[in-house]
Amino acid sequence: MKKIRAEFIISGHVQGVGFRYFVYRKAEQIGLEGYARNLYDGTVEVKAEGGENLIAALKQYLEQGPSRSRVDSCKVIFSDATGEFNGFGIR
């Protein structure tokens, strides 16, 4: 299976609502590697590597978010996987 990399920027009410932990749980469940972190502008950045179908599944979760969040946009840039990650983490 060819791995790809996706870099997401999620905006809306996504900080202080458990968004990164939600992403962590979902990414671990579906077997992706990468991380989620809050950015200073109030958005959440997610970098993930894995199979195309797994990345697509994560994107659906990110567009929905946890129950206390509100996702206004979920921008994504795709590229080739670098293999730099070992598991999924929160930064």
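In this structure, CZ in Phe19 is found 10.5 Å from OG1 in Thr43, a value given to the nearest 0.5 Å. In this structure, the separation between CG on Leu39 and CZ on Arg91 is 12.0 Å, given to the nearest 0.5 Å. Considering CD of Glu52 and CG of Leu54, their distance stands at 10.0 Å, rounded to 0.5 Å.
Judged by distance alone, with hydrogens and angles left aside, the side-chain atoms of Glu28 form no donor-acceptor pair with the main-chain N or O of Gly89 at under 3.5 Å.
The 12-atom threshold is not exceeded at NZ of Lys75, counting heavy atoms of other residues, nucleotides or ligands nearer than 6.0 Å. In this structure, Asn86 places its CG atom where only 12 or fewer heavy-atom neighbours from other residues, nucleotides or ligands lie under 6.0 Å away. Within 6.0 Å of CZ in Phe22 there are more than 12 heavy atoms belonging to other residues, nucleotides or ligands.
Under the salt bridge (charged side-chain N to carboxylate O under 4.0 Å, His left out) criterion, the residue pairs touching residues 7-16 are Arg5-Glu7, Glu7-Lys47, with sequence neighbours excluded.
Of all non-hydrogen atoms in Ala6 and Val76, the two that sit nearest each other are CB-CG2, 3.9 Å. Val23 and Ala36 make their closest contact through CG1-CB, 4.1 Å (heavy atoms, listed as atom of the first residue, atom of the second, distance).
Contact of the Phe88 side chain with the Val46 side chain is registered, since non-hydrogen atoms from C-beta on lie closer than 4.5 Å. In this structure, His13 and Val71 have side chains that are not in contact, with every pair of non-hydrogen atoms separated by 4.5 Å or more. Using a 4.5 Å heavy-atom threshold, the side chains of Asn38 and Arg20 count as touching. The closest side-chain heavy-atom distance from Ile55 to Leu32 is below 4.5 Å.
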Exercise for review: Let me see the working for Ser11 and Ser73 under side-chain hydrogen bond (donor to acceptor under 3.5 Å, both in side chains), right down to the final yes or no.
Suggested key: CA-CA 5 Å; Ser11 62; Ser73 78; 2.7 Å; yes
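Between Lys3 and Glu49 there is no salt bridge, since no side-chain nitrogen of the basic residue lies less than 4.0 Å from a carboxylate oxygen of the acidic one.
Under the 4.5 Å side-chain contact rule for hydrophobic residues, Ile30 and Ile10 share a cluster.
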Side-chain donor-acceptor pairs of residues 56-67 under 3.5 Å, sequence neighbours excluded:
{"unit_1": "Lys59", "atom_1": "NZ", "unit_2": "Glu63", "atom_2": "OE2", "d": "2.4"}

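Residues satisfying the ring pair (Phe, Tyr, Trp, His ring centres under 6.0 Å) test with Tyr35, not counting sequence neighbours, are Phe85.
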